[in-house]
There are 2 protein chains.
Amino acid sequence: MRTDTTFKRAFNDMIDIIRTFDLGAELPSENALRTQLGVSRTTVRKVLAGMSARGIIISEAHKRIIGERPRQQERYPKEQTLAISEQVETSFMEWMMRGDACAGTEINETELARKFGVATTIIREFLNRFQKYGLIEKRQNAGWVFKGFTASFALELFEIREMFEMRSARLFAALPDRSPVWKQIQSMRAAHLELLADIDARFQDFSELDSRFHRLITTVAPNRFIESFQDVITMVFHYHYQWNKRDERARNEVAIREHLALIEALESRNIVLIDRACRLHLTSARETLLHSIA
Amino acid sequence: MRTDTTFKRAFNDMIDIIRTFDLGAELPSENALRTQLGVSRTTVRKVLAGMSARGIIISEAHKRIIGERPRQQERYPKEQTLAISEQVETSFMEWMMRGDACAGTEINETELARKFGVATTIIREFLNRFQKYGLIEKRQNAGWVFKGFTASFALELFEIREMFEMRSARLFAALPDRSPVWKQIQSMRAAHLELLADIDARFQDFSELDSRFHRLITTVAPNRFIESFQDVITMVFHYHYQWNKRDERARNEVAIREHLALIEALESRNIVLIDRACRLHLTSARETLLHSIA
DNA sequence: CCCCCGTTTTTTATACATAAGAAACATATG
DNA sequence: CATATGTTTCTTATGTATAAAAAACGGGGG
């Protein structure tokens, strides 16, 4: 049966919303909450009911009042807020990256389902979606093969990445001054500088910033296929570097500086500079990845 | 429960194999047949059993002999040899291309399952795989949206296609004389000329040749992401033009001539010529597609 | 030993069931 | 009559079941 992760996530989010109100304040309408929480009204009502039962909310005639400040410990644990399909992703990545799997390993749906403690349906669905990352391949009537997180995977990945990103970066040169992107680039630079200033403590935050930066660059001229490919890159970096922490701090610092150089080049509108900065960064990122695979 | 399409397909294939033997001849071993038919030995045995039951094969002590020439009418009909998941693909494409769906249409798993007469599981699996074509998008907990077979879809598709194909075509310039690809290019040219000579009767064969040609070009430097993108292109052309037959003959003839020009350019090894021929063909293909969408 | 075939065990493809969640409908209240 | 809440209906996420297909096992001959 379906898990109630949506409810639990909404419940947790609701705690945060309630904390912005004073005790005794009246809550917004169900519909307003629905929009804020990004779930259906059905779920909102379930959350409200749960909070009423705990005394956090008191339902009076035609209104709901905050009766008690919710405590953080009432939150549902993170794991329970993730749909099974999301948990499977993590489990699978871990299985893969941990090195339990080398190139050519056969992937057995039943076995994975057992190992992860989920239904086979979920595994199939996951594998079908995961196929797009280019790491597994289906064989008719006979399961899947893991193709390996190999050097050639990295090279093929970066060949495409280079095409896509150079294409987007070049488009910056022709971007009008009034484009809102320049503002976003500005705040992107600020975010990079901030992170750099506190690099020793926060170097782990880079991964997410990296993804955001590269996605920003590609948004200048949206293309669904390029955006979909960004998912591949994000996945690779997110999970791969989660299991390969070597030189993480240094690696990220270098990348930040390269990003800053690229930002400067973009702002110069000089296509030669843009090209150079972009290629420099991509080459360096590729070498780093290759290095960590070997 | 699982359908026996594998068996039926193998059965049909087996008829063809048997027809290459004389009456009374001894059949190859189960293992040999397994390789020829591309199925498991379990299925081979089922096929053999079925043929024995029909008197086509006579099992004697430690050997099997052909007792009767199988008739074509004993073949299972084509539909019964397609896995449900394959049939769903066709049904879905038809539903989409017929125009039952316009941009923004919400796709309802349950409804599709009912409409196509299959289990919801299959529909979900299909949609998950189909996602990569960029025509549908998933919304959390709320089904899918059809984004429409629109002009912007075609433009985005061709932007990528151009990057990929120009990249591969350019690589030809540096290809050594002894590369086996040149031979394949030669026979590709022959196939084009043949088709052109008989264009009035065979213009419908172009679609498949087109796909093979473009795939050949990309094989010079294999990249799993580019290959996967070829699937998108193949799908688009295959199904779209199945529902848009306008000017089909003329359209295909133009494309064949463009292919021949590109082949010549490739063989010249002159990067400028290659570039021009490649771009010319892609531009023309794009315009044709755009034209047929409008 | 190595290939062939009969048998048994596993795994995949597909159907079906059901609680959670979304959406639609209905009613009430200002 | 517009908006908020109560109720009903429909859809999705996930688990379970099972026949078909694949793979593994095992005994005989050459």
Side-chain angles (χ1 to χ4, degrees), chain A residues 1-10 27-34 37-49 59 61-64 83-88 106-114 117-128 138-144, chain B residues 1-10 27-34 37-49 59 61-64 83-88 106-114 117-128 138-144:
Chain A
M1 125 203 54
R2 188 171 183 167
T3 49
D4 58 354
T5 52
T6 306
F7 159 69
K8 287 175 174 162
R9 199 163 346 119
L27 276 179
S29 78
E30 291 176 359
N31 261 312
L33 290 170
R34 188 179 66 75
L37 292 168
V39 297
S40 75
R41 199 159 67 81
T42 309
T43 303
V44 170
R45 303 190 97 233
K46 197 170 166 186
V47 169
L48 291 174
S59 292
H62 295 281
K63 51 175 161 176
R64 275 173 299 264
I84 301 275
S85 50
E86 292 167 318
Q87 291 170 239
V88 162
E106 298 188 7
I107 296 172
N108 184 313
E109 295 176 4
T110 323
E111 196 188 319
L112 279 188
R114 271 197 302 265
V118 299
T120 53
T121 328
I122 301 288
I123 298 284
R124 297 198 104 214
E125 198 181 312
F126 169 74
L127 292 173
N128 270 310
K138 185 164 183 55
R139 289 180 313 180
Q140 195 61 237
N141 288 333
W144 306 74
Chain B
M1 122 202 56
R2 188 171 184 168
T3 50
D4 58 353
T5 52
T6 306
F7 159 69
K8 287 175 175 163
R9 199 164 345 120
L27 276 178
S29 78
E30 291 176 358
N31 260 313
L33 289 171
R34 188 179 66 75
L37 292 168
V39 297
S40 75
R41 200 159 67 82
T42 308
T43 303
V44 170
R45 302 189 97 234
K46 197 170 165 185
V47 169
L48 291 174
S59 292
H62 294 282
K63 53 175 160 176
R64 274 174 299 264
I84 301 276
S85 50
E86 291 167 318
Q87 293 171 238
V88 163
E106 297 189 7
I107 295 172
N108 185 313
E109 295 177 4
T110 323
E111 196 188 320
L112 278 189
R114 270 197 303 265
V118 300
T120 54
T121 328
I122 301 288
I123 297 286
R124 298 196 103 216
E125 198 181 311
F126 169 74
L127 292 173
N128 271 310
K138 185 165 181 56
R139 288 181 314 180
Q140 194 61 237
N141 288 332
W144 305 74

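What you see is a predicted model, and the numbers here were worked out from it, not measured in a lab. All chains are named by letter (A, B, ...) in the order of the sequence lines, taking the proteins before the strands, and each is independently numbered beginning at 1.
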- May I ask you to say what B:Thr110 touches in the nucleic acid, namely base, sugar-phosphate or nothing, with a heavy-atom cut-off under 4.0 Å? base
- Message: Is the phosphate of D:dT3 approached by A:Ser29 (side-chain N or O, under 4.0 Å from OP1 or OP2)?
- Response: no
- Hey, could you give me the OG1/CD distance between A:Thr5 and A:Gln87, rounded to the nearest 0.5 Å? 8.0 Å
- Note on the structure: The answer to which of B:Gly117 and B:Ala32 contacts DNA chain C further toward the 5' end, by nearest nucleotide, is B:Ala32
- Note on the structure: Rounded to the nearest 0.5 angstrom, the CZ-CZ distance for A:Arg45 and A:Arg34 is 13.5 Å
- B:Asn141 side chain near A:Thr6 side chain, heavy-atom distance below 4.5 Å: yes
- Using heavy atoms to find the nearest nucleotide of DNA chain D for A:Glu125 and A:Arg45 separately, return the residue whose nucleotide is more 5′. A:Arg45
- State, with a plain yes or no, whether a side-chain heavy atom of A:Val88 is found less than 4.5 Å away from one of A:Ser85. no
- Message: Please classify the nucleic acid contact of A:Lys138 as base, sugar-phosphate, or nothing, using heavy-atom distances under 4.0 Å.
- Response: sugar-phosphate
- Message: Does B:Arg64 reach a base, just sugar-phosphate, or nothing at all? Heavy atoms under 4.0 Å.
- Response: sugar-phosphate
- Residues that A:Glu111 engages under salt bridge (charged side-chain N to carboxylate O under 4.0 Å, His left out), provided they are two or more places apart: A:Lys115
- Task: Could you tell me the separation between the CD1 atom of A:Ile84 and the C1' atom of D:dT12, rounded to a whole number of Å?
- Result: 14 Å
- Query: Distance check: side-chain N/O of A:Thr121 vs OP1/OP2 of D:dT14, anything under 4.0 Å?
  - Reply: no
- Query: Would you say A:Phe7 and A:Thr42 make side-chain contact, with heavy atoms under 4.5 Å?
  - Reply: no
- Message: Given C:dA15, D:dG15, D:dA20, identify the nucleotide with an atom nearest to the side chain of A:Val118.
- Response: D:dG15
- Give the rounded distance in Å between these two atoms: CG of B:Leu27 and C1' of C:dC4. 14 Å
- Value in whole Å for how far the C1' atom of D:dG15 lies from CG of A:Asp4: 15 Å
- Query: In whole angstrom, what separates B:Ile123's CD1 from D:dT11's C1'?
  - Reply: 14 Å
- With a 4.5 Å limit on heavy-atom distance, are the side chains of A:Val47 and A:Leu33 in contact? no
- Protein-nucleotide distance (A:Ile122, atom CD1; C:dT18, atom C1'), rounded to Å: 14 Å
- Message: Nearest to the A:Thr120 side chain among C:dA19, D:dT16, D:dT11, which nucleotide is it?
- Response: D:dT16
- d(CG, A:Asn31; P, C:dA23) in whole Å: 12 Å
- Query: In Å, rounded to the nearest 0.5 Å, how long is the span from OG1 of B:Thr120 to CD of B:Glu109?
  - Reply: 7.0 Å
Polar-atom pairs under 3.5 Å, protein N or O versus N or O of nucleotides 22-25 of chain D: list them with distances, or write none.
residue, atom, partner, partner atom, Å
D:dA22, OP2, B:Ser40, N, 2.8
D:dA22, OP2, B:Ser40, OG, 2.6
D:dA22, OP2, B:Thr43, OG1, 2.6
D:dA22, O5', B:Ser40, OG, 3.3
D:dA22, N7, B:Thr42, OG1, 2.7
D:dA23, N6, B:Thr42, OG1, 3.3

- Between CG of B:Leu112 and C1' of D:dC10 the distance, given in whole Å, is 15 Å
- Message: Which is more 5' along DNA chain D, the nucleotide nearest A:Ala119 or the one nearest B:Thr3? Just name the residue.
- Response: A:Ala119
- Query: CD of B:Glu109 versus P of D:dT14: gap in Å, rounded?
  - Reply: 11 Å
- Task: Establish, with yes or no, whether the OP1 or OP2 oxygen of D:dT12 is under 4.0 angstrom from a side-chain nitrogen or oxygen of B:Asn108.
- Result: yes
